Number of protein chains: 2
Amino acid sequence: MKNLKYSHYFLWTTLAITGTLSCKPPQTEETGPANTTKKEATGAIEITPENHDDKMSSVLGTPKHNIRSIGILVYDGVNILDVMGPRYVLGQVMGAKTELIAVNPGNIKTVMGVELVPNTVMDSVDQLDILVVPGGFKGTLLGAYDSRIHQWIKKIDQTSTYTTSVCTGGWILGAAGLLKGRKATTNWYQAEEMLKRYGATFVKERYVNDGKYWTSAGVTAGMDMSLAILNDLYGENYTQAVMLDMEYDPAPPIKGGSPEKTVPEVYQMMEAMYAMGIVPLLDSLDGVIGK
Amino acid sequence: MKNLKYSHYFLWTTLAITGTLSCKPPQTEETGPANTTKKEATGAIEITPENHDDKMSSVLGTPKHNIRSIGILVYDGVNILDVMGPRYVLGQVMGAKTELIAVNPGNIKTVMGVELVPNTVMDSVDQLDILVVPGGFKGTLLGAYDSRIHQWIKKIDQTSTYTTSVCTGGWILGAAGLLKGRKATTNWYQAEEMLKRYGATFVKERYVNDGKYWTSAGVTAGMDMSLAILNDLYGENYTQAVMLDMEYDPAPPIKGGSPEKTVPEVYQMMEAMYAMGIVPLLDSLDGVIGK
């Protein structure tokens with residue numbers, strides 16, 4: 001092994017093995033063979049088993065809230081990227097357990113067909129420090145009218161530190177009554193009208209926070225929102241560590257990603273397509289709910 | 001339902017229901033109740049069951065290659081976002097089947113613990129139009145030394161239209177011998193040295209293509225690469241449609257995401273952490289392989 005500058009190392013924690021900051025809090029020492037060979041660091045940081053807690057804390061800072069539990073609600077028809085962006089980013093909150101919480105028992109069929117195994121179900125979870133409600137399409141609209149989901153979200157919200165949504169997940173938070181009188185954002189499709197249904201004021205931003213309520217625009221905005229939450233919690237060093245881990249320095253090949261940056265014929269086609277899926281459902285659900 | 005401008009619609013295809021372009025190719029008509037009520041479009045696009053193929057083709061264009069099969073290799077320790085970015089973007093290639101292909105039977109434990117259900121296994125797949133090899137950390141390095149994976153990748157590569165990698169997935173393509181003499185990129189950690197091991201020349205870009213070989217930088221660069229492939233295949237209208245669907249107009253809360261944009265103390269800490277996981281493995285594997 002000639003190209004790399006290292007020779008002997010101890011397996012400090014599974015942090016390094018898994019490539020994530022979160023898998024073990026730095027406070028625990030139960031991992032890896034207890035090889036105490038001193039690390040020869042290339043940079044200014046020399047990390048040993050004796051100093052790693054202090055070194056990491058000095059670089060990463062101390063969070064302003066003690067976050068121990070993070071839950072992402074998952075349901076059939078949830079958008080896989082709405083889930084996985086926050087799962088990846090918030091999963092790096094050190095010392096916190098991050099779980100995919102299903103509405104019903106069984107595996108989850110996400111919107112494009114990827115099948116996930118959730119960690120637990122809604123009925124088994126009474127408290128979370130961070131709640132993420134991701135969006136989707138048909139499944140989300142059904143969720144937005146499901147009183148069992150509303151009740152659970154309201155219960156969790158009573159003691160959460162952050163209550164958040166990604167994309168059309170904002171419709172569910174809205175329908176649960178949590179966005180009333182608040183500023184919020186959601187997926188671009190009829191964003192203002194949809195939020196108005198729930199008494200919220202649409203703000204055209206990538207993510208919006210109003211107190212502890214954080215909402216994001218469509219799908220990939222969940223990553224930006226999650227990074228902003230991390231930034232709120234820990235400050236820039238921590239956020240930079242996670243951004244470097246995910247090499248998040250985005251460079252799309254062309255401009256786009258918002259109605260304004262999309263050529264009108266493409267935008268109109270997409271709007272028509274979305275409408276064809278959503279509007280009949282809204283019609284039928286309005287009939288049921290009498291809204 | 002007063003806030004929306006629509007009244008009656010037919011369920012055109014499951015495209016709209018699922019919120020994706022890919023679930024059914026527009027050529028098929030097997031979906032939805034055959035309600036032929038004419039759609040009252042808001043924009044310039046009026047889509048009816050009779051004209052929808054033509055309308056969509058005229059907006060979205062015709063692909064330069066006929067892509068029918070897309071496969072993403074998954075293995076224990078794969079990075080969930082390396083997988084899901086391309087799954088979401090390339091899953092929107094109309095008429096193509098997109099599958100998660102496992103190295104071994106059974107569910108996949110991704111790097112941060114999310115459990116996925118793959119669609120099929122490597123031994124059942126002989127041909128793909130697009131192959132995506134995502135990265136991870138320890139599991140990826142083991143994959144980079146697994147001759148069964150090399151053989152399968154080389155077989156698929158013989159007839160693929162695009163052979164691609166995300167993040168450290170480039171180490172696997174490299175170890176299979178496919179990047180020899182080519183320009184490529186990979187995750188930032190020791191990128192140049194790692195690619196040199198496999199005879200490739202590191203180019204510091206978000207994604208790099210050398211002929212049909214497309215490689216991307218770390219984790220989230222897989223989304224940019226996948227969009228660039230879509231753009232190569234279909235051109236800008238199609239890419240814009242997908243970018244709007246995923247609202248990909250990224251706005252990270254702070255700058256970062258590359259070694260250059262990260263403050264030195266954070267960068268050095270991350271490099272030290274990565275090294276502690278990777279270097280002992282490289283040492284042991286070098287011993288086995290005698291590299």
Side-chain angles (χ1 to χ4, degrees), chain A residues 1 3 6 9 12 16-20 41 43-45 47 59 80-81 84 88 91 111-112 115 117 137-138 193 206 217-220 224 227-228 231 236-237 240-241 243-244 246-251 253-254 256-258 262 265-266 268-270 272-273 275-277 279-280 282-283 286, chain B residues 1 3 6 9 12 16-20 41 43-45 47 59 80-81 84 88 91 111-112 115 117 137-138 193 206 217-220 224 227-228 231 236-237 240-241 243-244 246-251 253-254 256-258 262 265-266 268-270 272-273 275-277 279-280 282-283 286:
Chain A
M1 217 201 72
N3 294 325
Y6 301 87
Y9 298 89
W12 169 33
I17 293 296
T18 59
T20 68
I45 306 288
I47 299 172
V59 175
I80 186 81
L81 269 187
M84 289 307 159
Y88 195 82
V111 78
M112 290 178 70
E115 194 172 340
V117 183
F137 209 76
K138 183 183 174 184
E193 294 85 342
R206 190 76 176 151
V219 191
T220 54
D224 293 327
L227 287 166
N231 207 40
E236 297 200 0
N237 274 8
Q240 278 211 337
M243 287 173 73
L244 186 59
M246 62 199 290
E247 212 158 337
Y248 192 56
D249 184 18
I254 59 169
S258 72
T262 303
E265 59 180 352
V266 171
Q268 287 157 9
M269 182 199 72
M270 291 297 284
M273 271 182 48
M276 280 187 282
V279 177
L282 276 173
D283 280 341
D286 281 348
Chain B
M1 213 201 73
N3 294 326
Y6 302 84
Y9 298 89
W12 168 34
I17 293 296
T18 59
T20 69
I45 305 289
I47 299 172
V59 175
I80 187 82
L81 268 188
M84 289 308 159
Y88 195 82
V111 78
M112 290 178 70
E115 193 172 342
V117 183
F137 209 76
K138 182 183 175 184
E193 293 84 343
R206 190 77 175 150
V219 191
T220 54
D224 292 328
L227 287 166
N231 206 40
E236 296 199 359
N237 273 9
Q240 278 212 335
M243 287 173 73
L244 186 59
M246 62 199 290
E247 211 156 337
Y248 192 56
D249 184 18
I254 59 168
S258 72
T262 303
E265 59 181 352
V266 171
Q268 287 156 7
M269 183 201 70
M270 292 297 283
M273 272 183 46
M276 281 187 282
V279 177
L282 275 173
D283 280 341
D286 280 348

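Chain letters run A, B, ... following the sequence lines, proteins first and then strands; every chain starts at 1. In this text the structure is predicted, and so the values were computed from the model without any measurement. Any value given below was found using the heavy atoms of this structure, including those in side chains, with hydrogens, waters and symmetry copies removed.
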- Test side-chain hydrogen bond (donor to acceptor under 3.5 Å, both in side chains) applied to B:Asp224 - qualifying residues, sequence neighbours left out: B:Arg206, B:Tyr248
- Using non-hydrogen atoms only, which part of B:Asn231 is less than 4.5 Å away from chain A: side chain, backbone, both, or neither? side chain
- Of the non-hydrogen atoms in A:Glu247 and B:Ala217, which two are nearest, and what is the gap between them? OE2-CB, 3.4 Å
- Item | A:Thr220 side-chain N/O to B:Met246 backbone N/O, donor-acceptor pair under 3.5 Å | yes
- Task: Grab the two heavy atoms, one from B:Ala228 and one from A:Pro253, that are nearest each other, plus how far apart they are.
- Result: N-CG, 3.6 Å
- For B:Gln240 and A:Gly256, work out which heavy atoms get closest and say how close. NE2-CA, 4.2 Å
- Message: Quick one, A:Met269 and B:Asn237 - any side-chain contact, counting heavy atoms below 4.5 Å?
- Response: no
- From CE (A:Met270) to CG (B:Leu244), nearest 0.5 Å: 5.5 Å
- Message: Taking side chain as everything from C-beta outward and backbone as N, CA, C, O, which of these in B:Ile80 sits under 4.5 Å from a heavy atom of chain A? Side chain, backbone, both or neither.
- Response: side chain
